[in-house]
Structure formats: structure tokens, C-alpha cells
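Residue numbers start from 1 in every chain, and the chains themselves are labelled A, B, ... in the order their sequence lines are given, proteins ahead of strands.
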4 protein chains.
Amino acid sequence: MTNFKSLLENYKIIFFDAYGVIKNYKGLIPGIEKTFDWLREQEKSFYIITNDASRSPELLADVYQKAGLYHITPDKIISSGMLAKEFLDLKVKKGLVAYLGTEDSAHYIEHPGLDTLPLQQMSEDNINDITALVLLDDEGFDWMDGLNKAVNLLRRRTIPAIIANPDGAYPMSKREVGIAIGGLSYMVEKITGRKFIRFGKPDSQIFMFAMEHITQFHPEIHKRDILMVGDTLHTDILGGNKFGLDTALVLTGNLLPEDYENRIISTGIAPTYICQSAVIERDILD
Amino acid sequence: MTNFKSLLENYKIIFFDAYGVIKNYKGLIPGIEKTFDWLREQEKSFYIITNDASRSPELLADVYQKAGLYHITPDKIISSGMLAKEFLDLKVKKGLVAYLGTEDSAHYIEHPGLDTLPLQQMSEDNINDITALVLLDDEGFDWMDGLNKAVNLLRRRTIPAIIANPDGAYPMSKREVGIAIGGLSYMVEKITGRKFIRFGKPDSQIFMFAMEHITQFHPEIHKRDILMVGDTLHTDILGGNKFGLDTALVLTGNLLPEDYENRIISTGIAPTYICQSAVIERDILD
Amino acid sequence: MTNFKSLLENYKIIFFDAYGVIKNYKGLIPGIEKTFDWLREQEKSFYIITNDASRSPELLADVYQKAGLYHITPDKIISSGMLAKEFLDLKVKKGLVAYLGTEDSAHYIEHPGLDTLPLQQMSEDNINDITALVLLDDEGFDWMDGLNKAVNLLRRRTIPAIIANPDGAYPMSKREVGIAIGGLSYMVEKITGRKFIRFGKPDSQIFMFAMEHITQFHPEIHKRDILMVGDTLHTDILGGNKFGLDTALVLTGNLLPEDYENRIISTGIAPTYICQSAVIERDILD
Amino acid sequence: MTNFKSLLENYKIIFFDAYGVIKNYKGLIPGIEKTFDWLREQEKSFYIITNDASRSPELLADVYQKAGLYHITPDKIISSGMLAKEFLDLKVKKGLVAYLGTEDSAHYIEHPGLDTLPLQQMSEDNINDITALVLLDDEGFDWMDGLNKAVNLLRRRTIPAIIANPDGAYPMSKREVGIAIGGLSYMVEKITGRKFIRFGKPDSQIFMFAMEHITQFHPEIHKRDILMVGDTLHTDILGGNKFGLDTALVLTGNLLPEDYENRIISTGIAPTYICQSAVIERDILD
């Protein structure tokens with residue numbers, strides 16, 4: 001068990017997962033603002049690396065701002081939705097992009113040259129104009145209708161299918177989880193035999209995207225200078241490890257203090273460090 | 001390509017799949033009544049072996065009766081739901097059985113000693129009384145609500161989870177399919193890490209159940225005397241083959257005349273015979 | 001934790017798994033002979049239900065005989081290899097059956113009308129005569145040669161591929177496991193896209209095979225009269241449960257006393273009873 | 001069907017897959033040297049992006065040199081083994097790295113501070129010193145011994161397990177394939193429940209690695225300037241597409257002219273362009 005503050009001293013840039021590290025279903029992790037104050041004082045940079053494609057970085061940052069975390073501005077947020085956006089920009093230059101998700105999530109597919117279509121509005125009139133399918137969020141549509149339309153679209157059209165959040169489920173409360181859009185996509189893949197393009201941790205592309213962003217301003221930064229902090233072994237830790245980053249597991253989210261050792265052993269996914277939480281405890285003399 | 005009638009001469013009992021063989025989304029396969037008339041004349045017995053657990057054998061037979069197929073009586077129908085019923089009878093003798101499906105499908109879980117609960121009515125008050133979960137049909141519940149309840153029930157309670165129809169999807173029209181309850185169950189398994197007990201083709205247990213039924217009346221019947229007729233390689237044909245039955249693939253359902261050869265080669269699932277359809281063409285002199 | 005002897009009182013027939021229940025890598029489980037003596041005294045019948053297709057029931061029984069377990073005679077042994085044998089008898093009536101395994105394991109594919117071929121002897125001269133592939137045992141062939149031949153055979157010929165032991169691995173010592181033929185078959189399936197026909201627990205067909213055997217002599221026996229005793233959740237217990245039998249988990253094999261509760265919760269596979277071992281402790285006054 | 005030469009005009013850098021594009025089991029694709037001559041004349045850059053970790057870039061280039069392809073020098077080769085090397089450098093700074101593969105493949109794990117161990121030499125004396133397992137090649141070890149050692153090592157030690165070539169199989173001749181180390185790794189993953197870190201196409205990290213290499217010399221290069229040329233849908237084309245590159249499928253390898261349309265439709269993986277081959281046909285007036 002490593003002290004989180006002493007760990008931070010060794011890195012120039014910190015990557016934080018959002019859910020389970022900075023916030024949870026009850027709101028902000030108590031005391032987390034001290035961590036961001038300290039990072040500011042120390043002139044250390046940070047990014048939020050999140051699989052949340054339910055809304056734009058602006059709207060995601062807005063939630064932190066309202067909760068008093070003023071340092072988390074939109075430019076600090078790297079979401080998996082931004083990779084879907086880049087993909088469409090590079091590979092799907094025109095046509096109609098169908099999506100499953102809320103209107104807020106559609107932010108990521110709005111591009112010059114592309115029209116967007118909530119999948120529930122797919123019909124015989126427009127199915128042949130659709131040039132890509134993007135799964136953004138588990139809300140904003142009736143599951144029976146939307147999932148059946150996704151299956152039938154992919155059976156009829158050879159188009160890229162993108163999943164902008166690979167998580168299978170997310171915590172809803174202390175005891176309950178909710179099925180996420182990544183979980184729904186497994187089923188569509190299995191039934192259609194088609195493979196979704198998955199953006200988001202543990203896949204390296206989101207870390208690479210963040211690195212490209214950083215090296216614009218700090219070309220000297222090396223992977224060795226970055227610490228990935230997360231609560232989930234098979235996304236944050238596996239992804240960070242594979243990309244070559246040092247990783248710190250915190251116990252304020254998915255994994256409980258009594259479980260983490262067993263889970264590390266059974267999955268074989270080992271963080272570089274384990275910390276109680278991402279909260280810096282600052283004493284009087286600090 | 002084998003003539004279906006000449007094939008039937010060699011068997012004492014015929015097992016028919018329902019969907020794609022006797023009926024499809026438009027109603028009965030035209031001419032199929034001649035097959036059942038001929039079987040009656042020849043005093044050959046038959047059973048419908050179906051993964052349809054959406055309603056009782058009585059209600060399933062009723063549809064055939066109304067369409068003029070008077071020989072298909074409830075005792076001729078072996079549905080995967082009947083295996084779920086037997087399982088509950090043997091293994092879950094008391095408590096509250098939660099289910100996903102229509103009220104008609106709940107027929108299969110109604111037992112003396114068991115109470116039934118549509119999963120949408122699960123709450124903190126009754127979750128600890130639930131002794132089994134049975135997935136019967138893709139209709140009768142809101143998918144978001146029902147599937148999330150299924151996931152959370154299985155995370156909290158160590159109880160048997162049964163899927164009474166393993167099919168992933170079913171044809172809705174010439175071009176469209178619908179996701180079936182078996183498809184939904186994949187996702188629940190993947191998210192929870194729990195394994196459903198699956199009843200229905202291709203699993204042998206439904207064929208064994210039919211055999212037990214038959215040998216009560218015809219103890220001399222051997223597997224060699226039975227032909228399984230189906231339209232789907234990975235349920236009807238794989239299951240029939242594995243159980244040791246001769247199998248006949250018909251081309252009136254899932255597989256088109258131009259596709260079946262490729263599919264047999266790519267899956268490695270080969271029927272004993274291939275027939276145009278299960279309709280007996282009877283000429284004037286017959 | 002249930003006393004094994006008091007449990008046996010309630011059943012007429014006992015099904016035992018072999019490895020981890022009656023014997024382990026060190027030999028017989030100490031004291032297990034008392035259980036079989038007692039069953040004989042009580043005129044209770046028993047069967048060994050095993051996924052071991054490495055040798056014939058005669059040779060399997062021979063090992064018990066030599067170790068002093070005189071009650072375990074060949075007719076008491078139901079092995080998954082016997083189902084492969086029945087399948088070939090019903091479905092592959094002629095031609096050349098290629099196999100991976102030792103010469104002893106080839107017992108299960110020797111049939112009138114069939115020739116057998118160790119897969120290592122496959123060549124351009126005989127590949128077109130092969131009518132089935134059977135994977136029997138992980139020994140008796142060079143893995144690189146044999147597995148490559150299996151992949152290429154299935155790519156070129158549309159023939160049934162049978163796996164007569166679905167276990168992925170087996171214990172070799174207190175700390176070590178060995179990859180079993182079922183484990184090797186996963187890879188062949190994944191690379192070829194072809195589906196093996198799997199015989200053996202947890203699949204119901206081996207239990208059904210045993211039942212057919214029993215009801216020849218004891219037509220009055222019902223599933224309720226049988227107890228399945230095993231050490232492995234996902235084969236013995238899952239299979240027994242699904243078939244409708246009561247099940248007893250013993251802690252002398254795969255699962256340790258400190259682990260079994262966690263494993264039952266994480267897999268959702270719950271035995272009807274849990275016992276220390278299948279050894280009956282008989283006291284002086286017994 | 002696009003003319004390959006006219007396609008090349010639109011890109012500044014070309015990524016080539018090796019096997020099926022530049023060479024096959026018979027040697028170089030006839031005429032391929034003309035393509036590399038033309039690229040040189042046009043001052044277009046190229047890289048070979050290969051999942052071959054069986055030997056160092058030097059030894060890989062040597063084969064091309066000997067065949068007369070003098071433009072393919074070691075610095076033009078980006079192999080998946082180089083990512084394994086980078087991972088060890090960043091994440092496994094000390095200890096003993098065990099590997100499966102030939103001595104040539106061990107090039108990728110030789111680092112200051114690390115000792116290497118052919119897995120066949122694992123014993124009770126050194127198992128606790130092993131800090132990573134790397135699967136490099138399917139040759140150089142006895143499969144039964146090596147794969148069993150890999151399974152038991154991962155059961156006992158919580159260490160990173162890396163697969164430096166994710167391909168399941170590779171073509172050996174017109175009709176035959178060979179199981180590759182990626183295929184063997186599936187089995188080890190399935191038996192141990194442990195997840196390998198996979199480097200190589202279709203994963204983005206190899207493309208990113210090539211990009212980092214390129215931008216050192218050509219910082220102005222954008223993904224839009226690069227064309228990925230490959231013969232395999234689920235590695236070259238899927239990987240190139242996901243990374244945001246334009247992709248060209250050639251028909252000199254895995255996919256035959258009569259099959260490619262069906263395979264694109266069934267997998268949903270569509271290249272930007274389809275070309276007969278990567279050979280530039282140059283006529284007299286060219």
C-alpha cells in the first residue's frame with residue numbers, strides 16, 4: 001500500500017479515471033479537491049481519461065465545475081467519444097451516421113458533411129443512406145426497438161460499427177450495477193457475427209490520443225513521466241500497463257480493500273502501485 | 001437432394017422443427033398439411049421439437065388447429081419450456097421463481113409449491129425469497145428494466161438461472177430478424193460471469209425428453225428409427241446428429257438453396273440428407 | 001456441511017466422479033474402500049461417471065482392482081468415450097476414423113465397418129477417406145504434428161469432429177495441472193471455426209447414457225433416486241444439476257475447503273449438498 | 001477494383017503487410033521489386049508492418065536483401081516483437097523473462113537488466129525469479145512441454161504474459177496452414193483465465209509505434225497521408241481502419257478473388273480500396 005502523495009512526486013503528468021476515482025454514484029469522492037489543488041500548486045499536469053461517451057467534454061466538465069472542482073476544465077478531459085469522432089472524421093467522410101444514445105451523446109458524431117440519425121428513426125427510406133453505426137450510450141432509446149434495429153442494420157449494410165464505450169456495466173449504487181452500452185454491444189456482435197470497432201480503455205488508442213494531445217504542448221514528455229490512476233483492473237490498469245505507463249489502483253470504486261488481492265491474482269492484472277484512494281491527506285504542517 | 005417422401009419411408013417416427021419447416025412468418029408452409037395427412041395414413045408417428053417456450057403446448061397446438069393442421073395436438077409438442085418445468089420440479093421444490101416473458105410463457109414455471117414473480121416486480125422486499133430465475137420469452141417486459149433486474153438478481157443471489165429458449169434470433173420477415181431471449185441471455189451471462197442452464201436444441205436433453213415420452217408407448221423404438229427434420233444447422237441438425245439421429249435439412253427457413261452448401265462447409269455441420277422442403281408432393285396416381 | 005453416510009441413506013443409486021473423489025494423483029483417496037463396502041452391504045448400486053476416454057472401461061476398472069477396490073468392475077464405469085463409440089456406431093457407419101490419443105484410447109473407435117488411423121499417419125493418400133475425427137487423449141502423439149494435422153483435416157474435409165473428453169486440464173500433482181485434450185480442442189475450434197461434438201460432463205448425454213443402462217435392470221428408478229458426487233463445479237455439479245439429479249460436492253479434489261464458498265458464489269453453480277469427502281467414517285459400533 | 005499504382009499517387013507513406021503482400025510460401029510475389037523501385041523513384045517512404053516476431057528486423061530484412069529487394073532495410077521493418085521489447089523496457093525492468101520461441105526470436109527480450117530463460121528450462125529453482133512470460137514463436141520448443149509449463153507458470157505467478165504475434169495461423173502452402181503462437185496462446189488464456197497482452201495488428205499500438213518512428217523524421221505526416229496495404233481483413237484492414245488509415249486489400253494472400261466479397265460482407269470489415277496485387281505493372285512508356 002503506497003501513499004498517494006509520495007507517489008505523485010515521481011510523475012509529471014497524472015491520468016485519472018473518472019468514475020470510482022474522482023466521483024462515484026454519491027458524487028465527488030470526499031476530499032478529492034485537495035488532490036487537484038496540490039497538483040496545481042506543484043505545477044503537475046493531469047488528464048481525465050474516461051470511457052464516458054454520454055456527453056461532450058464541455059458537459060462532462062460542467063458537472064465537476066458545479067461540484068467545486070474548478071481545475072477540471074473541458075481541455076483536461078479525454079473521452080472515448082473523442083476517438084469515435086476522430087474515426088468518423090478520417091474514415092466516414094459523408095452520409096448518414098446512425099446512433100444509439102441520448103441527444104447529448106450525439107455530440108461526438110456531429111461533423112461537417114455528416115448527417116446524424118437516432119437509430120430509432122431508421123426506416124426503409126433511409127437505411128440505404130446510412131454509412132456508419134455508432135453506439136454511444138445506454139440511454140435515450142427503447143432497448144427492444146433500438147437493439148433490434150442495430151442487428152437488422154448490420155445484417156443488411158456492410159458499414160463500420162463503432163462502440164464508443166466498451167464498459168459492460170457501471171455501478172449504480174453500493175449494491176447495484178447498470179448494463180452499459182458496451183454490454184449491449186456484445187449481444188449485437190454475437191448475433192450478427194460482426195465485429196465492432198471499440199474505442200476506450202483498455203485499448204491503447206485512447207492513451208495514444210491523450211499522448212498526442214500532451215506532446216503538442218510538452219514534446220519532452222515520455223511515457224515514464226505519466227501515472228495512470230484507476231479503480232478497475234481490466235480497463236484502467238490493463239490498458240495503462242499495456243501502453244507502458246506505471247499504474248496505481250485505488251480502492252474507492254470497483255474493488256474493495258478485502259477483494260483486490262484475489263482479483264489481481266485471478267486475473268493476472270497487476271498495478272504498479274496500490275493506494276487507498278486518490279485523495280491527498282494534507283496535515284497541518286504540510 | 002433427396003425426395004422427402006421417399007426418405008420418410010425409412011423411418012418410424014419423424015421429429016419436426018416448427019419454425020422454417022412447418023410454418024414461417026407468413027403462416028403455414030403451403031402444402032405442409034399433405035405431409036401430416038400422409039403420415040397419418042402410413043401410421044407413422046411424429047413430434048414437434050421446438051425451442052419455443054413462449055406458450056404452453058396447448059396454446060402452441062391451438063395455432064396449428066386453427067390453421068387446419070388438425071393432427072398436431074398438444075401431446076405431439078415437445079417444447080424446451082417443458083424441460084425448464086421438469087428442472088424446477090426436480091431441483092427447485094419451493095420458493096419464488098422469477099421470470100422474464102409473457103404471462104403465457106409463465107405456464108412452464110407454474111408448479112405446486114412454487115410462487116411465480118414477473119421479474120419486473122422484483123424489489124428489496126422479495127429479492128431474498130427468489131429461488132430461481134427463468135428466461136422464457138423476449139416479450140412481456142421492458143428490456144432495460146428486465147435485463148438490469150436479471151443482472152442484479154444474479155449478482156446478489158446464488159440461484160439457478162435457466163434459459164428455456166437458447167435461440168439467439170428468429171426470422172420476423174423475409175429480411176428481418178428479431179433478437180430472441182437466448183440472445184439477451186448471452187449478455188447477462190457475460191456481464192455477471194454466471195452460466196445459464198440452457199434447455200432446447202442443440203442440447204441433447206430435449207431429444208432425450210422426447211425419447212422418454214415415446215418409449216412409454218413404443219418401448220421398441222430405437223434412435224435409428226427416428227428422423228429429425230429442421231431448417232437450422234446449429235440447432236436442429238447439430239443437435240439431431242449429436243443425439244445420434246439421422247437428420248434432414250429443409251430449405252424453407254433459415255437457409256436458402258444458394259447458401260446451404262457454403263454454410264455446411266464453413267460450420268462443418270452436415271445433415272444426413274438435404275430436401276427441398278418437408279412438403280410431400282402427391283401426384284394424381286399416388 | 002453434510003455427513004456423507006447419512007446422505008447416502010436417501011438414494012438408491014450413487015454416481016461418482018473418479019478423479020478427485022475416488023482417487024487423485026497420489027492414488028486412492030484413503031478410506032474410500034469403506035464407502036464401496038458399505039454400498040455393497042446396503043445393496044445400493046453405483047456408477048463411475050468419468051470424462052476419461054484414455055482407455056477402455058476394462059482397463060479403467062483394472063486400476064481400481066489392483067488398488068483393492070474390487071467392487072468397481074468394468075460394467076460400473078460409464079466413460080465419455082462410450083458416447084463417442086455410440087455416435088460412431090449410429091452416425092459414421094463406414095470409412096476411416098482418424099484419432100488423436102494413445103493406442104489404448106483407440107478402443108472407443110474400433111467398430112466393425114470402420115478402420116482407424118492415428119492422425120499422425122494422415123497423408124495425401126488417405127485424407128479423402130477419413131470420415132470422422134475423434135480427439136481421445138492428450139498423449140500418444142506429438143502435439144505440434146497432431147494439432148496441425150487436425151486443423152488442416154478440418155479445413156479440407158466436412159466431417160464430424162468429436163471430442164471424447166471435454167475437460168480443459170487435470171491435476172498432475174498438488175501444484176501442477178496438465179492440459180487435457182479438451183483444452184487442445186478449444187484451439188482447433190477457434191482456428192478452424194468448426195464446432196466439435198463434445199461428449200462428457202457437464203453435457204447431459206453421459207447422464208442419459210447411464211440412465212438408459214440402469215433402467216434396463218431397474219426400470220423403476222427415477223432421477224430422484226440418484227445422487228451425483230463430484231469435486232468439480234462446472235462438470236460434475238453443473239451437469240448433475242442440469243440433468244435433474246441431486247448433487248454432492250466433495251472437497252478432496254479441485255476445490256479446497258477454504259475456496260469452495262467463493263467459487264460457488266462466483267460461478268452460481270450450487271451443489272445440493274457439500275461433504276468433506278466421499279469416505280464413510282465408520283465407528284466401532286457401526 | 002482499383003489500379004494499385006494510381007492509388008499510390010495519393011499517399012506519401014505506404015505501410016505493407018509482409019506475408020501475402022510482398023512474399024508468400026513460395027518466395028517473393030513475382031514483380032514486387034518493381035513496386036519498391038518505383039517508390040524509391042517517387043521518393044515515397046514505406047514501412048513493413050508485420051506480426052512476425054520470430055526474428056529481429058535485421059534478420060527479417062536479410063531475407064529480402066537476399067531475394068533482391070535491396071530497398072527493404074532493417075529500419076523499414078516494424079515488427080510486433082518491437083512492441084514487446086518496448087513493453088519490457090518500460091514495465092519489466094528486472095528479473096528473468098521466460099519465453100517460448102526460437103533463439104532468434106529471443107532478440108526481442110534481450111535487455112540490459114533482464115535475464116532470459118527458454119521456458120523449457122523452467123524449474124522449481126527459477127520459477128520464483130520469473131518476472132514476465134513472452135510468447136514469441138511457435139517453433140523452438142516441444143509444444144506439450146512448453147504449453148504445460150506456460151499454464152503452470154501463470155497459475156503460480158502473477159506476472160505479465162505477453163504475446164508478440166496475435167495471428168492464429170499462417171499459410172504453409174497453397175492448401176495448408178500452420179498453427180501460430182497466437183493460436184496456442186488462446187488455449188493458455190482459456191485454461192488459466194489469464195489475459196495475455198497482445199501486440200500486433202489489428203491492435204492500434206503497432207501502428208502508433210510506426211507513426212512515432214515516422215514523425216521523428218517527418219513531423220508533418222498525418223494519418224491521411226498513409227495507406228495500409230494488406231491481404232487479411234481482420235488484421236491489416238481492421239487494424240488500419242481503426243487507426244484511421246485508408247486501407248487497400250490485395251488478393252495475393254489469404255483472400256482469393258472469388259471469396260473476398262463474401263468475406264467482407266460476412267465480417268463487416270471493408271477496405272477503402274481493393275487491388276489485384278501490390279505489384280505495379282509498368283509498361284514501356286511508363
| query | Do B/Lys94 and B/Thr131 come close enough that some side-chain heavy atom pair is under 4.5 Å? | reply |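 B/Lys94 does not reach B/Thr131 side chain to side chain.
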| field | Positions in residues 158-169 of chain B that reach chain A, provided some heavy atom is under 4.5 Å away | value |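 Residues in range: B/Gly168, B/Ala169.
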| message | A quick test of your reading: do over 12 heavy atoms of other residues, nucleotides or ligands sit less than 6.0 Å from NZ of A/Lys23? | response |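 Yes, the 6.0 Å shell around NZ holds more than 12 heavy atoms from other groups.
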| message | Can you confirm whether B/Glu103 is buried at CD, in the sense that more than 12 heavy atoms of other residues, nucleotides or ligands lie under 6.0 Å from that atom? | response |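 No, the 6.0 Å shell around CD holds no more than 12 heavy atoms from other groups.
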| query | Do A/Glu189 and B/Lys190 pass the salt bridge (Lys or Arg N to Asp or Glu O under 4.0 Å) test, and can you show the C-alpha distance, the side-chain angles, and the key distance before you say yes or no? | reply | CA-CA 13 Å; A/Glu189 279 188 315; B/Lys190 175 132 182 153; over 6 Å; no
Check for a donor-acceptor pair, side chain of [X] on one end and backbone N or O of [Y] on the other, with a separation under 3.5 Å.
| X | Y | result |
| --- | --- | --- |
| B/Asp236 | B/Lys201 | no |
| B/Asp231 | B/Asn254 | yes |
| B/Thr50 | B/Ala18 | no |

| task | Pick one of side chain, backbone, both or neither for B/Asn152, based on which atoms fall under 4.5 Å of a heavy atom in chain A. | result |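 Contact with chain A involves the side chain of B/Asn152 alone.
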| message | So which residue, B/Arg175, B/Glu176, B/Glu139, ends up with the most heavy-atom pairs under 4.5 Å with chain A? | response |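 It is B/Arg175.
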| request: Using a cut-off of under 4.5 Å on heavy-atom pairs, state which of A/Val151, A/Asp138, A/Val177, A/Ile191 scores highest against chain B. | output: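 Top option by heavy-atom pairs under 4.5 Å: A/Val177.
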